[in-house]
Amino acid sequence: MSYSLSLVGPYLDIAIVFALVLALAPSIGSFMGRVFMNRPTVGEGVFGPIERAIYRLLGVNPRHSMRVREYAVAFLLSNAVLILWIFFLLMFQNRFPWGATPGISPMAWDLALHSASSFSTNTDFVHFVTESQVTQGGLLLGLQVAMFLSAGAGLAILAAFIRGFVRKDGTIGNYFVDITRCVVRILTPLSILGAVVLVFLGLPETFATSATVHTLLGSTQSIPLGPVASWQSIMLIGSNGGGIFGANSAHPFENPSALSNLFEIGLMMVVPFSSPFAFASAVRRKGEALPFLGTILIVFFTAVALVIIGQIATNPDLSPIAALSQGSAYPVGQETRFTLPEGALFQTVSVYANVGANNMAIGALSPIGQMAMLFGMFTQSTPGGVGTGMGYLLTNALIAIFVGGLMVGRTPEYLGKKIGRQQIGWAASLLLVHPVLIFTPLVATLMGGFVPPLPTAVGASAHTFTSILYEFTSEAANNGSGMGSVYVNDATLWFNVVGAVVMLIGRFFPMIAMLMISHYFSVQSPLPPGPGTLKTQSFTFTIYLTLFLIILTALLFLPALALGPLTQIGGG
Amino acid sequence: MTVHPPRPVRPLDPIPDETATEAPPVPAGHHPVLGHLRASIVLLVLTVFLLGLAYPGAITFFAQKVEATSANGSLYYVNGTAYGSTLIAQNLSAPWLFWERPTPYDYNSSLGSPTLLGYSDPALVNETKSYMQQYGPYKVNASVPAILVTISGSGLDPDLTPEAVLVQIPRIAAHSNLTEAELNTLVDAYIIPPFAGFIGPAYVDVFKLDLKLLTLEHRSV
């Protein structure tokens, strides 16, 4: 990793990627806002007929707007159908087309349950090695389908959430219209565009499952292949993150060069970083985007800086080894073809945008870097996953406005809608379910002795704790990044079943809560802003929201950080 | 700014949210649960065919037309035989070849990602020392760069920094008919500079380098 500590050089390319994404965000966000609110968009002549055909096939009247109960039923039914399909597909994957991959057997029920829950909930936490445990039929007919539908569901829920601020008739839209429009107009065009560029950047794209080569030293090597470019595109755009290979985006086929790495960073950022603008465009208040974007950027930049700092420092444990030169970048778990800032930005975007793809080994990351990653999964909203991240940030903002309003004696209201007892009740339970979902299985795992024997007994305990904490945090946040399985052999019955439950509740409870908040707003008529209204379009509010988010997260999760990564930093 | 007349709404267009003021009646004959179940199943079937099959099919068709080499895994052929992928590491552990980074699984590329030892794990020190031992019997002209004795994120990293390649030259000179000066020239020619001067590090693809090295050494591959 040739990397010099000059101030500009190594950071120039990641700064350009960042600037490009932020420059495009207002236009893409405004487009997304129009998609959410059923307004005509660019390409109406192409998308309109496709959608009308889909509505006809679905038997859906797109002019029928649903109340919250009907919307939730449609949303949950649709997801149940998806989960069942993938569950049975993986259990009987050898009987489906492209199922005859040599050496691949049907999945056990618990692994299939975990995998179906994982991909349907946009988590993509894998307990399997993709290239040796899932057939190509299972990948394409099952997991890739879930990558589109789960990302579409996330965007649909955000659309329904935002609709509460706009409507006053007690309805929050039509789930099938929302998911259709989000998949047809946002995810599919972006994925095709992304896949075409990735093809030119050198990713494989073939239906062959492997190639056999004669190595230079005369033996043979079997190299797994697949439709990598098309997979990688939706995996990153939809904040999914489950690699077509076990090594994920560190695998040279998923991410062959520094250039592909930069482009993939852009793919991960595009929807989440445009979402504040989508919200502002949907509610027709352009100024509402910046406080949210500001909050996201402050937390996110801090995390990137922490990860980079952690990797620049040499590892003190390795220093005593004679004749070993550590250089200026910690190489364990890193790929040579990325510079340190390029690798760190990819990994931080991936975790913070709830993608969960890896271009490095998180298990080998410095403790301070691991702590930064955990923090992103605790907030889930800086910027968070496709659709859901903005939903979490809005929920945090509602509580912040409510608390701020109480402190200064102002009416708690947002965009002309009063924030009442019901909204705060659902918002608070939405935030509280996250620590409950992390700490209950964590404590049960440790107390119940479900941790397999450790390969190294001394000094690894804080790391073991961190990796179990990381596992459940990643599942509860529907993130999907993992620290690996030497410390936690996580493909056991216990981790499969508990993990599936954590992912399902971690996904569907907050989404139902968002729908309920939207419902209670949608029955109100908007009030004109009065003198007591808290001004949210301000720098002060941005800082207030940022601090509120950080303090709330710290209060909920600091003890866990103290037992894991903080102990390691302190010399454990 | 020109004012466009409102777009006519077709029977199958959703109503833009601003224009909807009251809940439209539920259409006749609509069963809330069975109707949604049917819609969910049809949505899944459509997605399976359009996005599970047609989408990768179309991209594959396109990729095989425009970028056939990389679309099939960047395999490197000499006289019709594939000797490896320029993107994937393979076992090159002969003393007369440049070595790549170590891997926990003998370059079998279907075992998933290696799980790496934690930052503060005592086993990491032992592992690093054991990987350094393979450099012990051979003359090394400098200290061993850490990248040469630590596992990469994928375990399949075929690349090395120029420094990590250069320190191996004395060993290769001792095991081949090439001098250190000739090897230095060879390595210099195989350093891939940062793209456009500022994207990515300078690095060496060890597979390509060793392929050239074998022909220079007049060994058969």
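Reminder, nothing fancy here: chain letters follow the sequence lines and each chain counts from 1. The analysis underlying the following values was restricted to heavy atoms, covering all of them including side chains, and did not include hydrogens, waters or symmetry mates.
For A/I16, the part lying near chain B is the side chain, with the backbone staying farther off; criterion is any non-hydrogen pair under 4.5 Å. At a 4.5 Å heavy-atom cutoff, the contact between A/A74 and chain B is made by backbone and side-chain atoms alike. For B/P194, no part lies near chain A; criterion is any non-hydrogen pair under 4.5 Å. Only the backbone of B/A89 comes within contact range of chain A, judged by heavy atoms closer than 4.5 Å. Both the backbone and the side chain of A/R52 come within less than 4.5 Å of a heavy atom of chain B. B/V149 touches chain A through its side chain: at least one heavy atom from C-beta onward sits under 4.5 Å away, while N, CA, C and O do not. With a 4.5 Å cut-off on non-hydrogen atoms, B/L46 touches chain A through its side chain but not through its backbone. Residue B/T81 touches chain A through its side chain alone, counting heavy-atom pairs closer than 4.5 Å. Neither the backbone nor the side chain of A/R69 comes within contact range of chain B; no heavy atom of the residue lies under 4.5 Å from a heavy atom of that chain. With a 4.5 Å cut-off on non-hydrogen atoms, A/V177 touches chain B through its side chain but not through its backbone. Heavy atoms of A/F36 lying under 4.5 Å from chain B belong exclusively to its backbone. Proximity to chain B (any heavy atom under 4.5 Å) is shown, for A/A146, by neither the backbone nor the side chain. Using a 4.5 Å cut-off between heavy atoms, B/V48 contacts chain A through both its backbone and its side chain. Looking at A/I179, only its side chain comes within 4.5 Å of chain B, counting heavy atoms on both sides. Interface remark: A/T188 contributes side-chain atoms only to the contact with chain B (heavy atom separation under 4.5 Å).
A donor-acceptor distance shorter than 3.5 angstrom exists from the side chain of B/Y55 to the backbone of A/S230, with no hydrogens or angles considered. Listed for the B/Q64 side chain is a donor-acceptor partner under 3.5 Å among the backbone atoms of A/E205. Using a distance-only test at 3.5 Å, with no hydrogens or angles considered, no donor-acceptor pair links the side chain of A/Q221 to the main chain of B/G84. Listed for the B/D157 side chain is a donor-acceptor partner under 3.5 Å among the backbone atoms of A/T336. A distance-only check finds a donor-acceptor pair linking the side chain of A/E335 to the backbone of B/G153 [under 3.5 Å]. The backbone N or O of B/A146 sits nowhere less than 3.5 Å from a side-chain atom of A/Q326 that would complete a donor-acceptor pair.
Taking chain A as the reference chain and counting heavy-atom pairs below 4.5 Å, the highest number among B/A39, B/P145, B/S93, B/A164 is found for B/A39. Residue with the most contacts toward chain A among B/P56, B/A63, B/A94: B/P56 (heavy-atom pairs, distance under 4.5 Å). For chain B, the option among A/R34, A/E51, A/Q144 with the highest count of heavy-atom pairs below 4.5 Å is A/Q144. Between chain B and the options A/V183, A/N359, A/V213, A/L262, heavy-atom pairs under 4.5 Å are most frequent for A/V213. Top candidate by heavy-atom pairs under 4.5 Å with chain A, chosen from B/L92, B/D205, B/V204, is B/L92. The candidate with the highest count of non-hydrogen atom pairs below 4.5 Å against chain B, out of A/A322, A/G369, A/S191, is A/S191. Interface summary for chain B: among A/A258, A/G333, A/G343, the most heavy-atom pairs under 4.5 angstrom belong to A/G333. Between chain B and the residues A/G202, A/G142, A/A361, the most heavy-atom pairs under 4.5 angstrom are made by A/G202. Contact count versus chain A (heavy atoms, under 4.5 Å) is highest, among B/A71, B/G52, B/S85, for B/A71. For the set A/E342, A/M360, A/M66, the count of heavy-atom pairs under 4.5 angstrom toward chain B peaks at A/E342.
If you look at B/H36 and A/F176, their ring centroids are closer than 6.0 Å. Between A/F200 and B/F62, the ring center distance clears the sub-6.0 Å criterion.
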A/R337 vs B/I192, test: side chain to side chain contact (heavy atoms under 4.5 Å, CB included). Steps then yes/no.
CA-CA 10 Å; A/R337 60 193 178 281; B/I192 302 166; over 6 Å; no
What verdict does the side chain to side chain contact (heavy atoms under 4.5 Å, CB included) test give for B/L97 and A/L217, after you've listed the backbone C-alpha separation in whole Å, the side-chain angles of each residue and the deciding distance to 0.1 Å?
CA-CA 10 Å; B/L97 289 178; A/L217 289 176; 3.7 Å; yes
With side chain to side chain contact (heavy atoms under 4.5 Å, CB included) as the test, would you mind laying out the steps for B/I151 and A/V332 before giving the verdict?
CA-CA 6 Å; B/I151 302 168; A/V332 181; 5.8 Å; no
List the steps, then state whether side chain to side chain contact (heavy atoms under 4.5 Å, CB included) holds for A/T215 with B/Y83.
CA-CA 5 Å; A/T215 68; B/Y83 285 101; over 6 Å; no
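Side-chain atoms of A/Q334 and B/S152 include no donor-acceptor pair closer than 3.5 Å.
In this structure, CD1 in B/I41 is found 12.0 Å from CG in A/L82, a value given to the nearest 0.5 Å. Of the inter-residue distances, the one linking B/S74 atom OG with A/L225 atom CG reads 9.5 Å to the nearest 0.5 angstrom. Distance CG/A/L149 to CG/B/L51: 7.5 Å, rounded to 0.5 Å. To the nearest 0.5 angstrom, B/Y119 atom OH is 8.0 Å from A/D317 atom CG. Between the CZ atom of B/R38 and the CG atom of A/L77 there is a distance of 14.0 Å, given to the nearest 0.5 Å. To the nearest 0.5 angstrom, B/E67 atom CD is 12.0 Å from A/L198 atom CG.
The side-chain heavy atoms of A/I321 and B/V125, taken from C-beta on, include a pair separated by under 4.5 Å. Two residues are said to be in side-chain contact when any heavy atoms from C-beta on lie closer than 4.5 Å; B/S70 and A/P204 fail this criterion. Inter-residue side-chain proximity for A/H64 and B/P14 is flagged as unmet; no heavy-atom pair is nearer than 4.5 Å. Proximity of A/F253 to B/L87: side-chain heavy atoms (C-beta onward) are separated by under 4.5 Å at one or more points.
Counting all heavy atoms, side chain and backbone alike, B/I88 lies closest to A/H251 at CD1-CE1, 3.5 Å. Taking both residues in full, the closest heavy atoms of B/S143 and A/L324 are given as CB-N, 4.4 Å, listed atom of the first, atom of the second, then distance. Smallest separation of non-hydrogen atoms from A/P252 and B/P158: CG-CD, 4.3 Å.
The environment of CZ in B/F49 is sparse: at most 12 heavy-atom neighbours from other residues, nucleotides or ligands sit within 6.0 Å.
Just one residue in the list B/L124, B/T128, B/T150 forms a side-chain contact (heavy atoms from CB on, under 4.5 Å) with A/N315, and that residue is B/L124.
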